[in-house]
Amino acid sequence: MKRNIVIATVTAAVLIGGGTATAIAVAGDDEAPTKKSDVRVSNDDTGRDDDADANDTDDRDDNDADDKAEDKADAAEDRAAKDTGEDAEDKAENATDAKAAKVDAADAIKAALKNTAGTAVSADLDDEGTKHVWDVDVLTNGGTWHSVQVDPATGKVLGSHVDRDDDGDDAAETAQIREALKGSSVTAAEAAEAGAAKGTVTSVDLDEESADKAWEVDTTAANGTGSDWRVDAGSGKITADRSND
């Protein structure tokens, strides 16, 4: 016998991802197919990420512009620091010096200070005949000047001696250097580390005669091109040395 079954209409509202879904199921007699649910989803979410994405794009554009401007400024500094007066022979000599400095200037200074306590005022990679040597000038707390030689291949101290005051001007020079070092927070080793970002450091020297407190740093590129830099003794900022411009 055919039976009629009446099933009450069931309506359910379900929140799906910010949208509304309505499902209705209706069943008739046994022979009638069940009507499929009619589901409609509407997305009323107005908090989409479109605005955020647009802002992100703007931010990226701004960052790219800032990076390009910074790169352009760095490139200008690099050009200004180059020694344009060098010839092929000078560049070849510079390249040889840079290749010999397996121990960099900062490490040579640190080795010298372990040997002789005081303040490193300069470090130069000198060519002494058939070999190179780091020559580090150290001013002790007692006011004595020491010259410490460091092997650029191994970092070992080769020797140390007290510099004699042959011309009688050490006292005045020492006072001038101590005055230049007052309030300085950047050491010779730190100035060398700053210069290392620009090439192989071959010389670090305190400029005690200038009004602005700074370290003079010479670097050499792989092709032998030399560049002159100034490292601020207070901030550590490195800029091209334009004193020869």
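We count residues from 1, following the sequence as given.
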_Side-chain donor/acceptor of Ser184 to backbone N/O of Ala180, under 3.5 Å_ = yes
Determine all donor-acceptor pairs shorter than 3.5 Å in which one atom belongs to a side chain in residues 212-220; sequence neighbours excluded.
unit_1	atom_1	unit_2	atom_2	d
Asp212	OD1	Ser210	OG	3.3
Asp212	OD1	Arg230	NH2	3.3
Asp212	OD2	Arg230	NH2	3.4
Lys213	NZ	Lys182	O	2.4
Trp215	NE1	Val186	O	3.0
Thr219	OG1	Trp229	NE1	3.0

*Is there side-chain contact between Asp151 and Val103, with at least one heavy-atom pair below 4.5 Å?*
no
*Shortest non-hydrogen contact from Ala101 toward Thr200*: CB-CG2, 4.2 Å
*Are the side chain of Glu93 and the backbone N or O of Asp90 linked by a donor-acceptor pair below 3.5 Å?*
no
*State, with a plain yes or no, whether a side-chain heavy atom of Trp145 is found less than 4.5 Å away from one of Thr174.*
yes
*To the nearest 0.5 Å, what is the distance between CG (Asp104) and OG1 (Thr202)?*
12.0 Å
_Side chain to side chain, Val204 and Ser122, heavy atoms closer than 4.5 Å_ = no
*Smallest separation among heavy atoms of His146 and Ser160, with atom names*: ND1-OG, 4.0 Å
*Nearest atoms (heavy-atom pairs only) where Val136 meets Ala120*: CG1-CB, 4.2 Å
*Taking the side chain from Asp124 and the backbone from Asp126, do they hold a donor-acceptor pair closer than 3.5 Å?*
no
*asked:* Please check this pair: side chain of Trp134 against backbone of Val148, looking for a donor-acceptor N/O pair closer than 3.5 Å.
replied: no
*Between Asn94 and Gly224, which heavy-atom pair has the shortest distance, and what is it?*
ND2-O, 3.1 Å
*Give the minimum heavy-atom separation between Leu125 and Pro152, together with the two atoms involved.*
CD1-CB, 4.0 Å
*Sequence-distant partners of Ala100, side chain to side chain contact (heavy atoms under 4.5 Å, CB included), two or more places apart*: His132
*What is the minimum heavy-atom distance between Ala192 and Ala106, and which atoms define it?*
CB-N, 3.8 Å
*Val157 side chain near Thr116 side chain, heavy-atom distance below 4.5 Å*: no
*Is the closest side-chain heavy-atom distance between Lys237 and Val231 below 4.5 Å?*
no
_Co-members of Val133 in a cluster of I, L, V, M, F, W and Y side chains, linked at under 4.5 Å_ = Leu158
*asked:* Nearest 0.5 Å, please: how far is OG1 in Thr144 from CG in Leu139?
replied: 8.0 Å
_Are the side chains of Glu208 and Glu179 in contact, using a 4.5 Å heavy-atom criterion?_
no
